[in-house]
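Every chain is numbered from 1 and lettered A, B, ... according to where its sequence line falls, protein lines coming before strand lines.
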Protein chains: 2
Amino acid sequence: MARSTHTDRDFPQAGHDHAACIDEALAAAAEVCRLSGARLTELRRQVLLLIWDSHAPVGAYQLLDKLSRDGRTAAPPTIYRALDFLSGQGLIHRIESLNAYVGCRDPRRPHVGQFLICRECGTAAELEDAEIAGTVRARCADADFEMHHLTLEVLGRCPGCRRTGPGQADR
Amino acid sequence: MARSTHTDRDFPQAGHDHAACIDEALAAAAEVCRLSGARLTELRRQVLLLIWDSHAPVGAYQLLDKLSRDGRTAAPPTIYRALDFLSGQGLIHRIESLNAYVGCRDPRRPHVGQFLICRECGTAAELEDAEIAGTVRARCADADFEMHHLTLEVLGRCPGCRRTGPGQADR
DNA sequence: TCATGAATGCAACATTATAACATCGAAGAT
DNA sequence: ATCTTCGATGTTATAATGTTGCATTCATGA
């Protein structure tokens, strides 16, 4: 069966051009906020950048540490408000099974996130697969259940870590 | 499209015979533990019962309160150890998006849980749909990703709550 | 310039989960 | 029957994650 409409971007490779990811994320964020009339303040922009440090989900308190290291005073509400804003704009997703947050690769098109998350390197890839979403919707319809939000997270081992050998520790 | 092999039990109805659910859960638990050689102690049995108070996922500290009301002294590790044991035996599932725990309806057959969770009444229904699981596995294969664990949780509104009217508060 | 409301700073607190170590008790070995 | 052993439980403290409430600042439009 065809891969249907999932994103054309594959699992983030070790040596990819991450600066391009960051540039794209910032450009998309600016556009999304402009269209929605929301204010992408310096703080919010800064937090978004910190989240985009890598493709691995980051915890709220890790972000707090990073903010502090950047010289900004920050208490938990600071970061949680920024996270609320960013996720409200669809710029980031929360990974429920890790209590962590990751940048969205396609915020211009609203969608529910579907994630493959590597236990070894921490990297998360966003799937956004229409067939999965469709099947889940169909099952909800079967059950007469009104679907509001889907959480789909697969934990496992990414292509890169599989190549580097089998015996690594979890994280 | 056919419903494939998902469980024959539908969304738990308001007036169903819950005593039967409890009996079945206890019987299954006894059998599972007997087969695995694990010890279903009084404490663990008691916690399992408390979880089966309803089909709504319960938080660890709610369980602690219930245990205390039952006259048993209990600190957090008590409950978390029981939860670890029960989920290790496949007798309960953790709902990541709620930080809560719910009884498994078919512990004899190991599986990954897929849940429909009602925001209004809290009730969770376990799907265990082979088509969804198959599609997810296929996407992982496409991405050369080694799947270890799937978390699939749909938040929404259950048939019963839909019938009682549209304007209820979340929970 | 002023009024307004959103954004941020800040202190305290609530919730969820784990670590470390002591004690108890069931089950088999002697 | 008693001992030994190891898993299960008790207990205290603490870590990790998230929220409430209120004061202050700042951008924006009247």
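The CG atom of A:Leu67 sits 13 Å away from the P atom of C:dC10 (whole-angstrom rounding). B:Gln46 has its CD atom 10 Å from the P atom of D:dG10, to the nearest Å. If you take CD of B:Glu96 and C1' of C:dA17, they are 13 Å apart, rounded to a whole angstrom. Separating the CG atom of A:Leu64 from the P atom of C:dT8 is a distance of 14 Å, rounded to the nearest angstrom. Between B:Leu83 atom CG and C:dA17 atom P there is a gap of 9 Å when expressed in whole angstrom units. Rounded to whole angstrom, the span from the CG atom of B:Asp84 across to the P atom of C:dA19 amounts to 10 Å. The distance between atom CD1 of B:Ile79 and atom P of C:dT18, rounded to the nearest whole Å, is 14 Å. Between A:Ile95 atom CD1 and D:dA16 atom C1' the separation is 18 Å, expressed in whole Å.
The aromatic rings of B:His18 and B:Trp52 lie tilted to each other, with the angle between the two planes from 30° to 60°.
Applying the 4.0 Å criterion to OP1 and OP2 of C:dT16, one finds that B:Arg94 has every side-chain N and O outside that range. Taking only side-chain nitrogens and oxygens, B:Tyr101 never comes nearer than 4.0 Å to OP1 or OP2 of C:dT16. B:Tyr80 has a side-chain polar atom (N or O) that falls below the 4.0 Å cut-off from OP1 or OP2 of C:dA17. Under 4.0 angstrom from either OP1 or OP2 of D:dT11 there lies no side-chain N or O belonging to B:Thr78. Taking side-chain N and O atoms only, A:Arg39 has no distance below 4.0 Å to OP1 or OP2 of C:dG5.
Of the two residues contacting DNA chain D, namely B:Pro77 and B:Thr41, the nearest-nucleotide position lying further toward the 5' end is that of B:Thr41. The residue among B:Gln62 and A:Glu42 whose nearest nucleotide of DNA chain C lies closer to the 5′ end is A:Glu42.
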> Checking salt bridge (Lys or Arg N to Asp or Glu O under 4.0 Å) for the pair A:Glu120/A:Arg157: CA distance, chi angles, key distance, verdict?
Replying inline: CA-CA 7 Å; A:Glu120 287 180 18; A:Arg157 209 149 62 110; 3.5 Å; yes
> Can B:Tyr101 and B:His93 be said to form a ring-ring contact (aromatic ring centres under 6.0 Å, His included), step by step?
Replying inline: CA-CA 6 Å; B:Tyr101 307 83; B:His93 295 285; over 10 Å; no
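The ring of A:Tyr61 lies on top of the base of D:dT17, close enough and flat enough: under 5.5 Å between centres, under 30° between planes.
In this structure, B:Gln62 contributes its side chain and B:Gly59 its backbone to a donor-acceptor pair below 3.5 Å.
Nucleic acid contact for A:Arg44: sugar-phosphate only, since backbone atoms but no base atoms lie under 4.0 Å from a heavy atom of the residue. Using a 4.0 Å heavy-atom criterion, one finds that B:Arg81 contacts the bases of the nucleic acid, with or without backbone contacts as well.
A donor-acceptor contact closer than 3.5 angstrom links the side chains of B:Ser36 and B:Gln89.
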